[in-house]
Amino acid sequence: MIKKNLSPFKICVLAFSFFVVILTSISLYKIISTTTPDFNVLWHAASYLPTSNNPYMHPDIFTGVGYPPNTLLFYLPLTIFNYQLAQTIFILLILITILGSIYLSLKISIKKFSIWAFLLITSLVLISFPTKFTLGMGQNNSISLFMLLSSFYFYKRKNYKVAGLILGLTISLKTVFGFFILFFILKQEWKVILYSLIPIAASTFLVALVSRFDLYEYYLKVVIPPLLEVSGREIYYNQGITGFISRLLTDSSLRKFVSLAISFIITLTISVFTLKKKNIDLTFSLFVISLPLIDSLSWQHHFIWLLFPFIILASYSLKQKKFLTLMLIGIAYLFVSWNFKNPNMFENFPISLVLSNTFYGAVILFLVNIYLLRLNKTTS
């Protein structure tokens, strides 16, 4: 019966998906029944917001909080639950937004897609290390990506007010996503930018209302400066430009200069393409790829954001029968998805350069994106 109704491809997708579901279920059980490092820190810090205490100095957090006070507001509702239940809710939210991000990416790029495409892509995303890392750490990467793609989806539908409001919420949750304001400035979408300021201002006011406004002063003076240092950036899990340059150069001043120079060149390049090219999907995809590259501390879990460029670029390659770019996208996926379990084996230069595998995958995607942009001149 199965052989008559399903092609060999569909049978393989079903088998692969079933295998991934089993693996993911086991992983989720292990994650939920233990403690996720990042969520643990943010949950405890958020619990201090309604008090007179400084959330950045909570006695139960084992590492520093790098997020601004706005971000802690999103975790505040979860503090009404005990830790284990709050973590379970958050991990399930991560999983739901991963699925939602895949759905929105397909909706934006293909519009009408089959369940088989969704199953295959979902399986590939779930077995990728950035996804596993995001779930295991209890990170908000997939949540911020889903919100960003929702904003972009409404923007494409010319609902600029909703797009702007969601963008503002996204930036309030993940400050580094303020980078996408540049995209809308280049597109001269002033209404989107204007409405994005409303949630940012509201969340800032709410922090002052439920906690203390001087938290921002503390954040700027105490929390931010250590984040700007380039020492220790060669750690394997840092896969952006700064991580790569730190494995290449030992001089800290030179590391900083070269990293900033390359980041500036990338930002200038994507700005020129955004101004000159009308294809919105591909230019936005280029921005998404660039963010984890130029961020000075891009952990592997941040590269889950690349699921949008992967889907966009693969769909364009298939439509235009560009099988070489499709092959390059496949290679990029392997690089991004791989994880060295014992990176200390490769700590000596030059073999240490193999530890930039995720970086290499993102660079390949970046170049494929530019190539497809040069080919596609129409508005998507």
Side-chain angles (χ1 to χ4, degrees), residues 16-17 19-41 63 91 94-95 97-99 101-102 120-145 232-248 288-289 291-311 314 328-366:
F16 180 48
S17 300
F19 174 71
V20 172
V21 166
I22 297 297
L23 287 180
T24 304
S25 299
I26 294 171
S27 295
L28 285 174
Y29 174 76
K30 290 179 179 178
I31 293 167
I32 288 171
S33 59
T34 54
T35 299
T36 56
D38 286 347
F39 177 75
N40 180 278
V41 168
T63 186
I91 295 300
I94 292 173
L95 183 62
T97 51
I98 289 172
L99 299 178
S101 296
I102 295 169
L120 178 59
I121 292 169
T122 300
S123 300
L124 290 171
V125 170
L126 289 177
I127 63 170
S128 178
F129 183 70
T131 303
K132 295 177 181 179
F133 201 10
T134 287
L135 284 164
M137 296 296 287
Q139 260 287 341
N140 59 27
N141 299 313
S142 66
I143 300 170
S144 55
L145 176 63
R233 291 295 195 258
E234 67 276 5
I235 185 171
Y236 171 54
Y237 300 109
N238 185 22
Q239 288 288 320
I241 290 169
T242 304
F244 172 72
I245 296 300
S246 296
R247 295 180 194 104
L248 194 63
V288 175
I289 298 169
L291 178 56
L293 283 175
I294 67 175
D295 189 2
S296 63
L297 196 56
S298 289
W299 296 92
Q300 277 172 296
H301 52 65
H302 291 135
F303 288 81
I304 193 175
W305 301 333
L306 296 186
L307 76 82
F308 174 72
F310 270 119
I311 293 172
L328 289 172
I329 292 167
I331 294 171
Y333 170 78
L334 294 176
F335 275 126
V336 170
S337 299
W338 181 258
N339 173 57
F340 287 98
K341 292 185 178 180
N342 189 10
N344 293 331
M345 294 174 57
F346 309 95
E347 61 183 8
N348 296 322
F349 182 84
I351 197 172
S352 59
L353 295 180
V354 304
L355 297 178
S356 290
N357 55 289
T358 307
F359 169 78
Y360 300 139
V363 170
I364 292 171
L365 272 190
F366 184 86

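The structure presented is a predicted model; accordingly, all values stated were derived computationally and were not measured.
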Novice: Begin from the C-alpha positions of I102 and F310 and carry the test side chain to side chain contact (heavy atoms under 4.5 Å, CB included) through to its verdict.
Specialist: CA-CA 10 Å; I102 295 169; F310 270 119; over 6 Å; no
Novice: Could you check if a side-chain atom of H302 sits within less than 4.5 angstrom of a side-chain atom of L297, using non-hydrogen atoms only?
Specialist: no
Novice: Got a sec, which residues hit side chain to side chain donor-acceptor pair (under 3.5 Å) with D295, two or more places apart in sequence or on another chain?
Specialist: none
Novice: Contact between V125 and T122 at the side-chain level, heavy atoms closer than 4.5 Å - yes or no?
Specialist: no
Novice: Considering only distance and modelled atom types, tabulate donor-acceptor pairs under 3.5 Å from the side chains of residues 23-34, sequence neighbours left out.
Specialist:
from, atom 1, to, atom 2, distance (Å)
T24, OG1, V20, O, 2.8
S25, OG, V21, O, 2.7
S27, OG, L23, O, 3.1
S33, OG, Y29, O, 2.7
S33, OG, K30, O, 3.2
T34, OG1, K30, O, 2.8
T34, OG1, I31, O, 3.2

Novice: My understanding is that only residues two or more places apart in sequence, or in another chain, count here; which of them pass side chain to side chain donor-acceptor pair (under 3.5 Å) with S298?
Specialist: none
Novice: Which value, rounded to the nearest 0.5 Å, describes the distance between I143 atom CD1 and I98 atom CD1?
Specialist: 9.5 Å
Novice: For the side-chain contact (heavy atoms from CB on, under 4.5 Å) test, which of L355, V354, I235 pairs with R247?
Specialist: L355
Novice: Give, for atom OG1 of T131 and atom CD of Q139, the distance between the pair rounded to the nearest 0.5 Å.
Specialist: 12.5 Å
Novice: For F359, give me all partners under ring-ring contact (aromatic ring centres under 6.0 Å, His included), at least two apart in sequence or on another chain.
Specialist: F244
Novice: Show me, pair by pair, the donor-acceptor contacts under 3.5 angstrom made by side chains of residues 330-349, not counting sequence neighbours?
Specialist:
from, atom 1, to, atom 2, distance (Å)
Y333, OH, L124, O, 2.6
S337, OG, S128, OG, 3.0
S337, OG, Y333, O, 2.8

Novice: Which residues pass the ring-ring contact (aromatic ring centres under 6.0 Å, His included) test with F129, not counting sequence neighbours?
Specialist: F133
Novice: Closest heavy-atom contact between A362 and L306?
Specialist: CB-CD1, 4.1 Å
Novice: As an exercise, state the distance from CZ of F303 to CD1 of I289, rounded to the nearest 0.5 Å.
Specialist: 11.0 Å
Novice: Taking C-beta and beyond as the side chain, do Y237 and H301 meet within less than 4.5 Å on heavy atoms?
Specialist: no
Novice: Quick one: pull up CG in N238 and OG in S296 and give me the separation to the nearest 0.5 Å.
Specialist: 7.5 Å
Novice: Measure the CG-CD1 distance between L145 and I94 for me, rounded to the nearest 0.5 Å.
Specialist: 12.5 Å
Novice: Measuring from atom CG of L307 to atom CG of L126, what distance do you get when rounded to the nearest 0.5 angstrom?
Specialist: 10.0 Å
Novice: Quick one, N357 with Y236, criterion side chain to side chain contact (heavy atoms under 4.5 Å, CB included). Give me CA distance, side-chain angles, the key distance, then yes/no.
Specialist: CA-CA 10 Å; N357 55 289; Y236 171 54; 3.1 Å; yes
